[in-house]
Amino acid sequence: MATISTVRIQSEPFDVAAEAVKITRGRTDAGAVVTFTGICRGDENGEPIAALTLEHYPGMAETEIESHVAEAAARWPLIGVTVIHRYGRLVPGEDIMMVVTVSSHRAAAFEAADFLMDYLKTRAPFWKQVEKAGATTWVEAKAEDDAAAERWTTGKPEAAE
Amino acid sequence: MATISTVRIQSEPFDVAAEAVKITRGRTDAGAVVTFTGICRGDENGEPIAALTLEHYPGMAETEIESHVAEAAARWPLIGVTVIHRYGRLVPGEDIMMVVTVSSHRAAAFEAADFLMDYLKTRAPFWKQVEKAGATTWVEAKAEDDAAAERWTTGKPEAAE
Amino acid sequence: MSRTLKVRYFAWVRERIGKTDEDVDVPDSVVTVADLVTFLTARGEEYAYAFENPKVIRAAIDRKHVKPQTALGQATEIAFFPPMTGG
Amino acid sequence: MSRTLKVRYFAWVRERIGKTDEDVDVPDSVVTVADLVTFLTARGEEYAYAFENPKVIRAAIDRKHVKPQTALGQATEIAFFPPMTGG
């Protein structure tokens with residue numbers, strides 16, 4: 001199945017509903033649309049956050065995300081996948097990133113979105129800086145997130161068989 | 001955690017993005033928004049579908065869905081859940097139902113949406129009629145969907161512990 | 001002795017019986033949901049057709065799922081329908 | 001003999017070195033990524049600070065992840081950065 005895939009890294013906000021419609025418009029084979037939106041929270045471990053700044057490696061980030069999108073499209077029967085990731089300074093309540101997956105059936109759309117989310121939230125080529133009480137610190141990679149991402153490294157999902 | 005929950009059964013179309021914003025607007029504890037939209041497909045087992053007609057038991061359907069939403073809210077730390085299910089005659093490409101889950105963290109939002117989807121697509125109090133090549137037939141309950149729904153009947157999910 | 005019960009039908013049960021709902025005078029000898037199915041089946045061909053395979057019929061009393069052996073008790077409304085299929 | 005390599009820095013590696021990128025004349029004795037880290041570390045305090053714990057430094061040659069023992073080969077661009085944290 002040819003999967004319509006789009007990856008964008010941008011500083012501007014995105015419109016997740018509009019991105020979903022770009023995939024589904026005018027077709028009748030799409031039965032399930034899953035969207036995930038990651039939002040900048042106002043606190044981390046109980047401490048208030050003033051802002052989050054995301055840095056990326058232009059060129060490399062797109063390529064890396066595209067290769068994971070291609071992997072999702074190979075594992076699950078997807079009609080379309082869109083990933084948009086923002087960079088720059090984001091304040092609490094602002095959207096950080098989004099994933100849309102569209103498939104004929106819900107299991108494929110769900111599992112592919114979960115797979116991409118685990119990757120994007122843990123190993124995507126971004127570095128995060130948190131502003132708290134005037135101090136700015138770089139976020140370190142979390143072991144917990146890595147464990148979630150590792151679920152995908154062994155075997156194939158049921159839906160792909 | 002008090003969960004904002006909304007259940008509606010209606011013949012009119014819905015706006016999934018607007019429903020998500022109703023939950024997240026003005027708050028900074030929401031870190032993850034998952035939406036699922038179920039769409040009427042144009043074919044079933046390779047045969048073209050002209051339309052789908054959904055019948056429900058008014059009063060009972062709302063109560064049943066509300067009790068599953070309450071169960072999701074008890075199992076996962078959710079900020080909000082919205083379920084909207086349409087009834088009446090729907091043609092291919094039209095939205096059938098939607099689930100929005102909002103949480104601080106992605107795992108809770110994802111698992112709760114998956115749990116509600118399995119219920120809504122298999123055991124929700126609706127009866128489905130399919131129009132194919134002039135003939136109208138009632139859809140029978142699928143064993144495959146029941147198996148997916150049964151994943152949730154044993155034990156508690158990690159996120160709730 | 002008898003009492004009146006509102007009986008509702010959905011999906012193909014409704015189609016076979018040809019009614020969405022009706023008020024039925026139920027004699028006191030009808031105690032359980034299964035008894036009511038037997039009683040209705042005797043009312044005519046359309047009922048016999050709707051209830052020809054009682055195993056696939058589901059019932060709800062006052063909008064709660066019940067089993068065939070459930071007593072009607074103080075029910076005011078009972079519904080019959082096929083297994084639900086979801087959306 | 002030497003050649004010029006574009007070196008890019010990200011996140012706190014960039015902050016510590018105080019540059020986003022620079023062209024570095026790399027002598028032929030520098031063969032691997034690890035050799036380049038050692039070479040850069042000797043260039044000044046800011047480099048020594050950035051590379052003080054080489055274990056947490058990640059590198060990419062021409063935008064592909066590489067290991068410390070990877071040879072620079074025909075690389076035109078190399079980047080150093082902390083482990084990626086996702087969005």
Side-chain angles (χ1 to χ4, degrees), chain B residues 7-10 14 36-41 44 52-68 83-88 90 94-99 116-130 136-146 148-149, chain C residues 4-24 26 32-33 36-37 40-41 45-68 70-87:
Chain B
V7 172
R8 290 209 305 278
I9 299 179
Q10 61 188 39
F14 51 74
F36 178 91
T37 310
I39 303 173
C40 178
R41 287 201 311 278
E44 192 187 56
L52 214 60
T53 301
L54 286 145
E55 181 172 338
H56 74 299
Y57 185 168
M60 184 171 173
E62 289 84 342
T63 308
E64 287 242 315
I65 296 175
E66 277 161 10
S67 83
H68 281 80
V83 172
I84 300 179
H85 207 304
R86 294 177 70 187
Y87 64 86
L90 303 170
E94 276 194 272
D95 292 342
I96 301 173
M97 44 80 75
M98 53 147 277
V99 172
L116 287 169
M117 283 304 313
D118 275 344
Y119 163 68
L120 290 164
K121 297 292 283 182
T122 58
R123 291 176 297 125
F126 287 85
W127 299 278
K128 237 182 320 199
Q129 217 174 16
V130 175
T136 299
T137 50
W138 291 96
V139 176
E140 288 188 32
K142 268 191 270 178
E144 178 194 316
D145 281 337
D146 285 346
Chain C
T4 303
L5 203 57
K6 181 173 192 102
V7 188
R8 302 179 71 167
Y9 309 110
F10 292 98
W12 54 255
V13 176
R14 168 181 58 71
E15 284 185 339
R16 290 182 179 191
I17 291 172
K19 295 175 184 168
T20 58
D21 61 282
E22 61 184 321
D23 289 330
V24 177
V26 179
T32 65
V33 172
L36 182 59
V37 169
L40 290 170
T41 299
E45 273 182 21
E46 66 275 34
Y47 293 93
Y49 181 36
F51 295 116
E52 67 181 355
N53 184 4
K55 271 190 214 165
V56 299
I57 301 292
R58 300 289 180 267
I61 286 179
D62 296 338
R63 303 179 182 184
K64 290 211 165 98
H65 290 288
V66 291
K67 293 186 187 295
T70 303
L72 299 176
Q74 301 305 309
T76 57
E77 179 177 303
I78 183 162
F80 292 104
F81 41 80
M84 287 153 165
T85 46

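Residue numbers begin at 1 in each chain, while the letters A, B, ... track the order of the sequences.
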Enclosure of Y49(C) OH (heavy-atom neighbours >12, cutoff 6.0 Å):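 For Y49(C), atom OH is not crowded (no more than 12 foreign heavy atoms under 6.0 Å).
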Can you tell if the side chain of W138(B) reaches within under 4.5 Å of the side chain of E15(C), non-hydrogen atoms only?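 They are in contact (side-chain heavy atoms under 4.5 Å apart), so the answer is yes.
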Using non-hydrogen atoms and a 4.5 Å limit, figure out which bit of R58(C) sits close to chain B: side chain, backbone, both or neither.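 No part of R58(C) comes within 4.5 Å of chain B.
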Straight-line distance of [X] [atom1] to [Y] [atom2], nearest 0.5 Å:
X: Y57(B); Y: F10(C); atom1: OH; atom2: CZ; result: 5.5 Å
X: M60(B); Y: R8(C); atom1: CE; atom2: CZ; result: 11.0 Å
X: R123(B); Y: T85(C); atom1: CZ; atom2: OG1; result: 13.0 Å

Test side-chain contact (heavy atoms from CB on, under 4.5 Å) applied to W127(B) and M84(C), step by step: CA-CA 6 Å; W127(B) 299 278; M84(C) 287 153 165; 3.8 Å; yes
Check whether L120(B) gets within reach of chain C through its side chain, its backbone, both or neither, counting any heavy atom under 4.5 Å.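 Just the backbone, heavy atoms under 4.5 Å.
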